[in-house]
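Take a look at the structure set out below.
Only this structure's heavy atoms are used, side chains among them; waters, hydrogens and symmetry mates stay out. Predicted, not measured: the structure shown is a model, and the values here were computed from it.
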Amino acid sequence: MTTDRIAVFEQLRPRMVGLAYRMLGSVQEAQDTVQDAYLRLHATEPDAVLNLGAWLAKVVTNLCLNRLTSARVQREQYVGPWLPEPVLTADGTLGPLDSAEQRDSVSAALLVLLERLTPTERAVYVLREAFAYGYREIADVIDLSEANCRQLYRRARARVVADEARFEPSPQVRHDLVEAFVDAAREGDLAGLEKLLAADVTWWGDGGGKASAARRPVEGREKVLRFLAGTWERFGAGVDLFVAEVNGAPGMVARRGDTLFCVVTFDVRDGALATARAVLNPDKLEYLERQLAAL
């Protein structure tokens, strides 16, 4: 493969990882998928690829569709709630996140909602919403007619938007709330935490059967506070809590020494924390732990 083509591929790599991550919900799988695309590119003749960006989008999308078929079976057997793998995004790992729409497209909230779509619906939705592809471009990527792609997008959007909470708090409000939550949690200040939580707050935990986590969502401010108090009493000693940009928004990272054991992302509604999604499964924290080690 020519040096020029390798250079262009490397320029496109973060964008392709971002595409695969939105499809798969795992940055490690996304990177493996993009590497598979690289190997396929390496095996092609230079004249066979006229538009490298379009070629990669097609290959990566279809590799993701293949992976999603087996992932469905695995997630049906998953222990407890399944949440997407968290990733630090300030370093451009998932490509540019310059707009609110781009940040929203990698949020844990949206990625959870995308799980209810079929693999093809998910591909159409991601290409349209996150990458602004036209229907003709999408049709070329997934080998369907434009009419079919329009129908798939309408169906996907209806299923997502029906339950999606687009409260659009300002970035500063969101950051201040998460920072206040981390400060209160660090001090074990339950009264402070109570002021930050919505009355109907829900706390989700993903331990995957490999870490201690609630097998069902904890619902309501009082129950969440009791849950947090018990968790802090059992596991709080020696824990370092701090705020970092996770999946395009402020999140809470928890470490004990050099060991990362929990990452929490939040949804905000009406000036309060309405949903928390805590990932504790160590398999899902490996990549973010490597990101932290590189800082």
Side-chain angles (χ1 to χ4, degrees), residues 20-32 67-68 70-89 93-94 104-117 122 160 163-165 178 181-182 185 197 201-220 223-228 230-232 234-236 239 241-256 259-268 273-292:
Y21 177 75
R22 290 167 173 89
M23 289 284 293
L24 301 171
S26 165
V27 71
Q28 297 191 84
E29 286 189 38
Q31 292 190 323
D32 288 345
R67 282 178 177 262
L68 281 173
S70 59
R72 292 268 165 177
V73 176
Q74 295 173 3
R75 287 170 194 177
E76 287 172 1
Q77 301 170 346
Y78 197 77
V79 178
W82 178 93
L83 295 174
E85 181 183 329
V87 55
L88 299 179
T89 47
T93 292
L94 301 181
D104 182 62
S105 71
V106 296
S107 69
L110 182 61
L111 293 173
V112 168
L113 289 174
L114 293 183
E115 285 293 299
R116 66 184 61 184
L117 304 180
R122 186 164 183 162
V160 170
D163 291 316
E164 188 178 6
V178 174
F181 181 92
V182 170
L197 301 177
V201 62
T202 302
W203 185 283
W204 296 84
D206 178 345
K210 299 184 177 184
S212 179
R215 295 288 181 89
R216 295 184 178 183
V218 182
E219 299 178 297
K223 290 182 179 179
V224 169
L225 285 170
R226 286 199 299 270
F227 171 77
L228 292 175
T231 299
W232 192 250
R234 292 174 61 193
F235 304 109
V239 170
L241 303 176
F242 58 94
V243 179
E245 184 183 303
V246 182
N247 288 69
M252 183 178 78
V253 177
R255 285 194 299 195
R256 184 179 287 109
T259 302
L260 173 67
F261 71 90
C262 182
V263 176
V264 187
T265 57
F266 300 91
D267 293 347
V268 175
L273 300 173
T275 308
R277 298 178 179 85
V279 177
L280 300 100
N281 184 340
D283 295 344
K284 292 187 176 184
L285 298 176
E286 288 180 357
Y287 182 78
L288 197 148
E289 191 160 24
R290 292 199 298 273
Q291 286 184 296
L292 289 174

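Of all the heavy atoms in Ser105 and Leu111, the pair that sits closest is O-CD2, 4.2 Å. For the residue pair Ala108 and Thr265, the shortest heavy atom distance occurs at CB-OG1, 3.5 Å. Shown here for Gly208 and Asn281, the closest heavy-atom pair between the two residues is CA-ND2, 3.8 Å. Considering all non-hydrogen atoms of both residues, Glu85 and Tyr287 come closest at OE2-CB, 3.5 Å. Closest approach of Ala214 to Pro81, counting heavy atoms only: O-CD, 4.0 Å. Here the closest heavy-atom approach between residue Leu88 and residue Ala244 is recorded as CD2-CB, 3.9 Å.
No donor-acceptor pair closer than 3.5 Å links the side chain of Asp267 to the backbone N or O of Ala276. With Arg255 contributing its side chain and Phe242 its backbone, the two residues share no donor-acceptor pair below 3.5 Å. Without hydrogens or angle criteria, Arg277 side chain to Trp204 main chain gives no donor-acceptor distance under 3.5 Å.
Side-chain contact between Glu115 and Arg122: present, with at least one pair of heavy atoms (C-beta onward) separated by less than 4.5 Å. Using a 4.5 Å heavy-atom threshold, the side chains of Lys210 and Lys284 count as separate. Side-chain contact between Asn247 and Tyr21: present, with at least one pair of heavy atoms (C-beta onward) separated by less than 4.5 Å. No side-chain heavy atom of Lys223 sits less than 4.5 Å from a side-chain heavy atom of Trp203. Between Phe181 and Val243 there is no side-chain heavy-atom pair separated by less than 4.5 Å. Looking at Met23 and Leu114, their side chains never come closer than 4.5 Å, going by heavy atoms from C-beta outward. You'll find the side chain of Leu285 reaches within 4.5 Å of the side chain of Val279, heavy atoms only. Between Val27 and Leu94, the closest side-chain pair of non-hydrogen atoms falls below 4.5 Å.
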Check: Where do Cys262 and Phe235 land on the side chain to side chain contact (heavy atoms under 4.5 Å, CB included) test, with the steps shown first?
Finding: CA-CA 11 Å; Cys262 182; Phe235 304 109; over 6 Å; no

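Of the inter-residue distances, the one linking Leu197 atom CG with Thr275 atom OG1 reads 11.0 Å to the nearest 0.5 angstrom. For the atom pair CH2 of Trp82 and CG of Asp206, the computed distance is 8.5 Å after rounding to the nearest 0.5 Å.
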